[in-house]
Amino acid sequence: MTGKCTRWLAAVALAIAVVLPAAPAQAQDHDETQALLDLYLGQGGPGAGLHAGDETGSWTLSSGTAVIFQNRALTADDHFRIASQTKTFTAAVVLQLVDEGLVDLDAPIGQYLPGVVDNADYDGNAISVRQILQHTSGIARDAVGAAAEPDGGYTLGELVRAGLAQAPQFAPGTDWGYSNVNYHLAGLLIEELTGQTVGEAVTERIIEPLGLTGTSYPVPDDGTLPGPYLPGYSGGRLGPFFFWIDVTFNQDMSFNGPAGSMTSTLRDLVAFDQALLAGEVVSPASLAEMRTTVPSTAYGADYGLGFMRWELSCGGEAWGHAGNLGTGHSSITMVTEDGRFASMVTNAWASSEPTLSRVDLLDAALCEEATP
């Protein structure tokens with residue numbers, strides 16, 4: 001590989017390099033899926049990794065590189081920002097509170113957080129907890145204009161305030177619209193009822209019991225990632241060249257909070273989704289609620305309570321979530337009831353997937369595992 005490094009304003013480095021050849025797969029007999037991963041790389045970051053398998057074992061494929069100017073394969077144990085895959089963890093904690101009799105999904109959020117969702121545009125007595133977790137509340141998508149604390153972090157209260165200052169997407173219960181503010185509210189609900197921070201609740205209730213040693217909720221954000229970690233990049237490709245800027249630590253994770261702040265690995269994300277689907281995280285009744293879906297516009301999936309459902313091309317369905325973050329990480333995880341799984345990440349925000357979507361990529365991996 002050849003490359004040049006040119007300094008921009010404020011000494012920002014712009015990397016220019018010839019596209020790396022695909023790194024060798026860490027598994028045999030998955031040539032078709034490897035070819036699709038290589039194809040996906042053309043619209044992803046410098047690298048893309050896929051971890052898949054079934055009850056008999058697992059395999060990991062890599063294309064491109066984890067780090068520019070190096071030839072390092074992506075692995076199932078690289079730590080990265082999982083973005084909106086965080087929502088499934090947050091929703092699972094809320095459903096545990098339902099199991100404990102502390103939350104009624106169909107009760108208004110105003111019953112638990114009086115005065116919080118209460119202005120000219122929003123009535124907390126007309127929006128249920130279920131609608132918040134399922135993105136049918138109509139609450140604005142993002143906390144636009146949220147003010148940071150002196151240390152650069154963001155409080156949940158401020159994220160919610162800023163989000164509710166935006167106009168609603170629609171009247172509660174009349175449509176579906178993705179909203180990070182919904183999950184900031186879910187975080188406030190968790191903190192109000194447990195007396196813990198969201199990070200403490202997620203760690204104590206999910207991460208530690210499941211032994212997810214590669215997973216963490218880094219709020220407050222100390223500006224690091226555990227090693228080995230997958231850097232995130234912003235940029236793109238121009239012919240045989242790519243232009244990447246490292247943006248891994250360009251955002252304080254408290255801004256994403258319970259909607260998208262967590263760090264994990266492909267291996268841990270599979271373990272969590274499998275445990276959730278197997279009934280090891282919430283009760284059968286609460287799992288059934290999480291799996292009660294409505295049509296959505298997200299990744300071709302139907303949306304439950306922090307849990308997405310996809311119909312597979314080979315029959316059956318898969319469950320999981322996807323995520324994108326401005327720190328240069330796009331990812332998705334899918335698991336099936338018969339033990340198949342697939343999780344992938346690319347180290348850039350894949351804002352457009354015109355050639356091959358990550359859903360199609362994982363569908364191919366899952367259906368490969370379904371082949372006798």
Side-chain angles (χ1 to χ4, degrees), residues 84-112 117 124-139 141 169-187 189-190 193 202 205-206 258-260 269 272-312 315-323 332-341 359 362-363 366:
S84 285
Q85 292 200 61
T86 300
K87 290 180 172 68
T88 311
F89 288 81
T90 301
V93 172
V94 174
L95 269 294
Q96 288 182 348
L97 298 176
V98 171
D99 289 336
E100 294 163 18
L102 298 176
V103 174
D104 179 345
L105 287 172
D106 294 312
I109 189 64
Q111 176 177 317
Y112 305 105
V117 186
N125 294 315
I127 298 172
S128 71
V129 175
R130 182 189 303 277
Q131 290 169 339
I132 285 170
L133 296 179
Q134 200 166 53
H135 295 307
T136 55
S137 69
I139 290 173
R141 190 182 196 282
Q169 299 184 61
F170 48 81
T174 63
D175 204 344
W176 187 91
Y178 200 78
S179 170
N180 290 312
V181 182
N182 277 333
Y183 276 76
H184 298 324
L185 273 166
L189 175 65
I190 290 169
L193 295 180
V202 169
R205 290 168 170 267
I206 297 177
L269 287 168
F272 168 60
D273 281 353
Q274 285 186 317
L276 181 58
L277 193 59
E280 299 172 14
V281 178
V282 300
S283 71
S286 284
L287 180 59
E289 296 284 12
M290 292 187 77
R291 295 177 62 176
T292 300
T293 63
V294 296
S296 86
T297 58
Y299 303 97
D302 291 334
Y303 204 93
L305 305 185
F307 220 14
M308 292 179 171
R309 181 178 67 85
W310 291 270
E311 296 289 338
L312 296 175
E317 61 188 22
W319 294 86
H321 213 287
I332 187 172
T333 303
M334 294 184 190
V335 299
T336 68
E337 286 186 297
D338 63 6
R340 286 173 290 151
F341 58 86
V359 173
L362 264 61
D363 179 272
L366 292 170

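Because only heavy atoms are used, hydrogens play no part in the values below, and waters and symmetry mates are left out as well, while side chains stay in. As the structure is a computational prediction, the values presented were derived from the model and not from experiment.
Taking OG1 of Thr293 as the reference point, atom CD of Gln134 lies at 7.5 Å (rounded to 0.5 Å). Note that CZ of Arg141 is 5.5 Å distant from CG of Asn180, once rounded to the nearest 0.5 Å. Note that the CG atom of Leu133 and the OG1 atom of Thr88 stand 11.0 Å from one another [nearest 0.5 Å]. The CG atom of Leu287 lies 10.0 Å from the CG atom of Leu305; values are rounded to the nearest 0.5 Å. Here CD1 of Ile190 is found 6.5 Å from CG of Leu97. Values are rounded to the nearest 0.5 Å.
The main-chain N or O of Pro258 is found under 3.5 Å from a side-chain atom of Thr90 such that the two form a donor-acceptor pair. Put simply, the side chain of Gln96 gets close to the backbone of Val281: a donor and an acceptor are under 3.5 Å apart. Without hydrogens or angle criteria, Arg205 side chain to Val93 main chain gives no donor-acceptor distance under 3.5 Å. The main-chain N or O of Ser286 is found under 3.5 Å from a side-chain atom of Ser283 such that the two form a donor-acceptor pair. Looking at Tyr299, its side chain never comes within 3.5 Å of a backbone N or O of Gly323 through a donor-acceptor pair.
When the options Trp310, Phe307, Phe272 are evaluated for a ring pair (Phe, Tyr, Trp, His ring centres under 6.0 Å) with Trp319, the one that passes is Phe307. Put simply, the residue from Val117, Asn182, Leu105 that forms a side-chain contact (heavy atoms from CB on, under 4.5 Å) with Ile132 is Asn182.
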Step-by-step side chain to side chain donor-acceptor pair (under 3.5 Å) determination, Ser179 to Gln169: CA-CA 9 Å; Ser179 170; Gln169 299 184 61; 4.8 Å; no
Would you check, one step at a time, whether the test side chain to side chain donor-acceptor pair (under 3.5 Å) holds for Thr333 with Asp273? CA-CA 8 Å; Thr333 303; Asp273 281 353; 4.5 Å; no
Could you go through the side chain to side chain donor-acceptor pair (under 3.5 Å) check for Tyr183 and Thr86 one step at a time? CA-CA 9 Å; Tyr183 276 76; Thr86 300; over 6 Å; no
Go through the steps for Leu312 and Arg340 under the test side-chain contact (heavy atoms from CB on, under 4.5 Å), then give the verdict. CA-CA 12 Å; Leu312 296 175; Arg340 286 173 290 151; 4.0 Å; yes
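The closest side-chain heavy-atom distance from Leu276 to Met290 is below 4.5 Å. Using a 4.5 Å heavy-atom threshold, the side chains of Asp302 and Glu317 count as separate. Taking the side chain as every heavy atom from C-beta outward, Leu269 and Phe341 never approach each other to under 4.5 Å.
Under the rule for a ring pair (Phe, Tyr, Trp, His ring centres under 6.0 Å), the partners of Trp176 that lie at least two apart in sequence or sit in another chain are His135, Tyr303.
In terms of heavy atoms, Val282 sits closest to Ala92 at CG1-O, 3.6 Å. Between Ser84 and Ala322, the shortest heavy-atom contact is CB-O, 3.4 Å.
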